[in-house]
Amino acid sequence: MTSDMHRRGLLKAMPSLALAGAAAPLAAAPGGALATPPLSLAMRLRVLIGAPQELGMVDGVRKRVIPITGGSVDGPRLTGNVLPGGADWQSIRADGTADILARYSLQTDDGAIISVVNPGYRHGPAPVLARIAAGEVVDPALYYFRTTPRFEVAGDGPHAWLGRTIFLCTAARFKDHVALDIFAVG
């Protein structure tokens, strides 16, 4: 009975341990629901950007391309640089939502080249989006900016884990760069 009570206590603590980044296997929650997967910071990117290239209205949606000119990658699981030459293709809906598709490459400190495909959304109140567009520093808590990056990487190297992990990103837009905190979903 004591070991059964100990086991129950551990199971109750599991969600807290998972949120703290512990590498525990997911256990079924009471009632058959699955446990919430943990998030752990994999890397932070500072992606330098150029001036938006406005394409105008295409099929009723405002289109623009934002060149990626460089940047940095820093994190517990990956460090390196964002290579110039990528871009962020955006479709801006009538309600101001930016439907984002960024494609760019990273070069790790050990020389590996990794391709990134990063779709997502940015939206918020019109006055907040106007301030961002004007180049003002805006608290990221005032708008929604999330992406789901996927990494294309050689399957036999030290970075192969990137090609078999799901990631979730929270982001912030600044005048000359985008800040990305990329989390691995456990």
Spacing of Ser91 atom OG and Lys63 atom NZ [to the nearest 0.5 Å]: 3.0 Å
Test item: Phe151 and His159 side chains (from C-beta on) under 4.5 Å apart, heavy atoms: no
Between Ala51 and Pro67, which heavy-atom pair has the shortest distance, and what is it? O-CD, 3.3 Å
Less than 4.0 angstrom from a charged side-chain N to a carboxylate O is my criterion; do Asp74 and Arg44 meet it? no
Atom OH of Tyr121 and atom OH of Tyr144: how far apart are they, to the nearest 0.5 Å? 9.0 Å
With the side chain counted from C-beta on, respond yes when Ile49 and Asp88 share a heavy-atom pair under 4.5 Å apart, and no when they do not. no
Note: Leu142 and Pro125 closest approach over all heavy atoms is O-CD, 3.5 Å
For the CD1 atom of Ile182 and the OG atom of Ser40, what is their distance to the nearest 0.5 Å? 12.0 Å
Heavy-atom side-chain proximity of Tyr104 to Leu83 below 4.5 angstrom: no
Might you point out which heavy atoms bring Ala171 and Pro140 nearest each other, and give the distance in Å? O-CB, 4.5 Å
Rounded to the nearest 0.5 Å, how far does CH2 of Trp161 lie from CZ of Arg77? 4.0 Å
Carefully, step by step, assess Leu180 and Val178 under the rule side chain to side chain contact (heavy atoms under 4.5 Å, CB included). CA-CA 6 Å; Leu180 306 169; Val178 176; 3.7 Å; yes
Test: Arg62 and Glu54 ion pair at under 4.0 Å: yes
Would you kindly confirm whether Ile66 and Leu101 end up in one hydrophobic cluster when ILVMFWY residues are joined by side chain heavy atoms under 4.5 Å apart? no
Here the gap from His177 atom NE2 to Ile68 atom CD1, rounded to the nearest 0.5 Å, amounts to 13.0 Å
Any non-hydrogen side-chain atom of Val61 less than 4.5 Å from a side-chain atom of Ile92? no
Closer than 4.0 angstrom, basic N to acidic O: yes or no for Glu136 and Arg173? no
Which atom pair, heavy atoms only, marks the closest approach of Ala160 to Gly155? CB-O, 3.4 Å
Work out which heavy atom in Leu106 is nearest to a heavy atom in Leu45; give both atom names and the distance. CD2-CD2, 4.1 Å
Do Met43 and Leu78 pass the side chain to side chain contact (heavy atoms under 4.5 Å, CB included) test, and can you show the C-alpha distance, the side-chain angles, and the key distance before you say yes or no? CA-CA 6 Å; Met43 67 195 87; Leu78 192 73; 3.6 Å; yes
Quick one: does Asn118's side chain get under 4.5 Å of Arg150's, heavy atoms only? no
Heavy-atom side-chain proximity of His123 to Arg146 below 4.5 angstrom: no
Is there a side-chain contact between Ile114 and Leu162 in this structure, where contact means two heavy atoms from C-beta onward sitting under 4.5 Å apart? yes
Can Val137 and Phe174 be said to form a side chain to side chain contact (heavy atoms under 4.5 Å, CB included), step by step? CA-CA 6 Å; Val137 175; Phe174 298 94; 4.0 Å; yes
Exercise: identify the closest heavy-atom pair between Ser105 and Ile113: CB-CG2, 4.4 Å
Any side-chain donor paired with an acceptor under 3.5 Å for Thr170 and Asp181? no
Answer whether the closest heavy-atom distance between the side chains of Arg122 and Thr97 falls below 4.5 Å. no
Between Tyr143 and Phe145, how do the two ring planes meet: parallel, tilted or perpendicular, split at 30° and 60°? tilted
Where do Leu48 and Val82 land on the side chain to side chain contact (heavy atoms under 4.5 Å, CB included) test, with the steps shown first? CA-CA 8 Å; Leu48 303 176; Val82 177; over 6 Å; no
